[in-house]
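First up is the structure itself, then whatever we jot down about it.
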Amino acid sequence: MKSLRPLHIFTHDEKDQDHQQHQFHHTSPTNLSVIAQTPTTADLPKVMSEETLVSPISESQKMVLKFYHDNPLNTSISGPDDALLYRVTTTFGNETKALSMETGTVTTVEKFDGEIVARLIWTELGYDKLAVGEEKAVRLGKVLHTSPFFSETVSFKDDKGRRYEWRGNRPGLLLRLYAPDYSMKPIAYFSRSRSEQVAGGPKLASLTVLPRGQEILDLVVWSFCFLEKGRRAAENKYGNIGKAGGLMSPF
């Protein structure tokens with residue numbers, strides 16, 4: 001005589017599991033294909049935008065430096081509240097010898113209180129030297145590295161080893177500063193002066209500096225002035241550099 005199989009009473013959880021398995025076994029191949037191809041949130045590609053890397057910069061976070069003269073050799077530079085921040089002066093030729101300074105023309109960037117930020121000792125032959133603060137003068141190319149083959153890019157590093165690039169270092173272009181590890185957008189950029197009358201008078205030349213650039217403001221200012229001097233000299237073929245106090249022609 002055949003023994004009877006014991007009756008099994010399903011619990012609530014077992015019924016749910018059995019129901020899910022029953023549904024799975026009756027799923028058509030077409031439906032399985034759709035299930036297999038349906039991406040989960042984890043499978044979706046992550047699009048990296050500039051907004052992902054850097055929060056949007058508000059206008060109030062930007063520092064606009066205004067140049068009283070559109071001349072990187074001789075000018076006063078003021079901040080957003082029109083307070084004087086920097087002076088740029090140039091001492092030419094024989095005057096440097098009388099002051100017991102290095103041979104050549106010297107362009108000095110100093111703060112409003114007279115603290116020297118940097119000096120550029122230069123000649124029209126292009127043998128430029130740079131002295132940052134009270135440091136000894138070195139060849140300019142040791143600090144501001146120009147890429148080969150007439151590149152428009154000049155790179156340098158700050159005291160933390162972070163790399164920056166001035167782009168637009170070529171006649172007819174505008175200088176823009178980038179921090180490759182920070183954003184695809186410039187962290188400082190120059191705007192030309194305008195002779196047209198606008199609200200409040202003619203528009204002054206300006207250098208707009210974003211928060212990352214404000215961390216190295218002295219470095220941004222002197223590197224811009226010294227590069228802009230060379231860029232305009234190439235653009236004007238040295239014709240409009242003139243003596244101290246004279247203005248270089250704006251762009």
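Arg176 is not listed as a side-chain neighbour of Phe190, based on a closest heavy-atom distance of 4.5 Å or more. The closest side-chain heavy-atom distance from Ser155 to Arg163 is below 4.5 Å. Proximity of Asn74 to Val88: side-chain heavy atoms (C-beta onward) are nowhere separated by under 4.5 Å. Between His69 and Ser76, every side-chain heavy-atom pair lies at or beyond the 4.5 Å cut-off. Lys129 is not listed as a side-chain neighbour of Val138, based on a closest heavy-atom distance of 4.5 Å or more. In this structure, Ser78 and Tyr68 have side chains that are not in contact, with every pair of non-hydrogen atoms separated by 4.5 Å or more. Using a 4.5 Å heavy-atom cutoff, the side chains of Tyr182 and Ile187 are in contact. In this structure the side chain of Leu120 never reaches within 4.5 angstrom of the side chain of Val106, judged on heavy atoms.
Relative to the six-membered ring of Phe112, Arg87 misses at least one condition, a distance below 6.0 Å or an angle of at most 45° to the axis.
At distances below 3.5 Å, not a single donor-acceptor pair connects side-chain atoms of Thr75 with backbone N or O atoms of Pro72.
Salt-bridge formation is detected for the pair Lys62/Glu59: a Lys NZ or Arg NE/NH1/NH2 atom is positioned less than 4.0 Å from an Asp or Glu carboxylate oxygen.
Placement of Leu204 and Tyr86 in two distinct hydrophobic clusters is found when ILVMFWY residues are connected by side-chain heavy-atom separations under 4.5 Å, directly or transitively. By the criterion of side-chain heavy atoms lying less than 4.5 angstrom apart, applied directly or through intervening Ile, Leu, Val, Met, Phe, Trp or Tyr residues, Leu175 is grouped together with Val109 in one hydrophobic cluster. Clustering ILVMFWY residues whenever any of their side-chain heavy atoms sit less than 4.5 angstrom apart, transitively, puts Leu219 in the very cluster that holds Phe226. In the hydrophobic clustering of ILVMFWY residues, with side-chain heavy atoms under 4.5 Å counting as a link, Leu227 and Leu73 come out together. Under the 4.5 Å side-chain heavy-atom criterion for ILVMFWY residues, no single connected hydrophobic cluster contains both Ile77 and Leu84.
In the hydrophobic clustering, Ile116 connects to no other residue, as no ILVMFWY side-chain heavy atoms lie under 4.5 Å from its own.
Every residue two or more places apart in sequence or in another chain that forms a side-chain contact (heavy atoms from CB on, under 4.5 Å) with Leu85 is listed here: Leu65. Taking the salt bridge (Lys or Arg N to Asp or Glu O under 4.0 Å) definition, one finds that Glu110 meets it with nothing, sequence neighbours left out. Every residue two or more places apart in sequence or in another chain that forms a salt bridge (Lys or Arg N to Asp or Glu O under 4.0 Å) with Lys111 is listed here: Glu115, Asp218. Every residue was checked against the salt bridge (Lys or Arg N to Asp or Glu O under 4.0 Å) condition with Asp81, not counting sequence neighbours, and none meets it. Residues satisfying the side chain to side chain donor-acceptor pair (under 3.5 Å) test with Thr107, not counting sequence neighbours, are Thr90, Trp122. Applying the side chain to side chain donor-acceptor pair (under 3.5 Å) rule to Lys66 yields the partners Asp82; only residues at least two apart in sequence or on another chain are considered. The side-chain contact (heavy atoms from CB on, under 4.5 Å) check on Arg170 picks up Glu152, Leu173, with sequence neighbours excluded. Applying the side chain to side chain donor-acceptor pair (under 3.5 Å) rule to Tyr189 yields no partners; only residues at least two apart in sequence or on another chain are considered. Applying the salt bridge (Lys or Arg N to Asp or Glu O under 4.0 Å) criterion to Glu134, with sequence neighbours excluded, gives no partner residue.
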Evaluate the criterion salt bridge (Lys or Arg N to Asp or Glu O under 4.0 Å) for residue pair Arg232 and Asp70; output intermediate values, then yes/no.
-> CA-CA 11 Å; Arg232 292 197 193 187; Asp70 190 0; 2.5 Å; yes
Worked verdict on Trp222 versus Leu130 for side-chain contact (heavy atoms from CB on, under 4.5 Å) = CA-CA 10 Å; Trp222 71 250; Leu130 169 70; 3.4 Å; yes
Derivation of the side-chain contact (heavy atoms from CB on, under 4.5 Å) call for Phe224 and Leu177 | CA-CA 9 Å; Phe224 167 78; Leu177 181 63; over 6 Å; no
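The salt bridge (Lys or Arg N to Asp or Glu O under 4.0 Å) contacts involving residues 135-145 comprise nothing, where partners must be two or more places apart or lie in separate chains.
Side-chain atoms of Thr153 and Trp166 form no donor-acceptor pair, as typed in the model, at a separation below 3.5 Å.
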In a table with atom names and distances, give each donor-acceptor pair under 3.5 Å that connects a side chain of residues 205-217 to protein atoms at least two apart or in another chain.
unit_1: Arg212; atom_1: NE; unit_2: Tyr164; atom_2: OH; d: 3.3
unit_1: Arg212; atom_1: NH2; unit_2: Asp181; atom_2: OD1; d: 3.3
unit_1: Gln214; atom_1: NE2; unit_2: Gln61; atom_2: O; d: 2.8
unit_1: Gln214; atom_1: NE2; unit_2: Val209; atom_2: O; d: 2.9
unit_1: Glu215; atom_1: OE1; unit_2: Arg162; atom_2: NH1; d: 3.1
unit_1: Glu215; atom_1: OE1; unit_2: Arg162; atom_2: NH2; d: 3.1

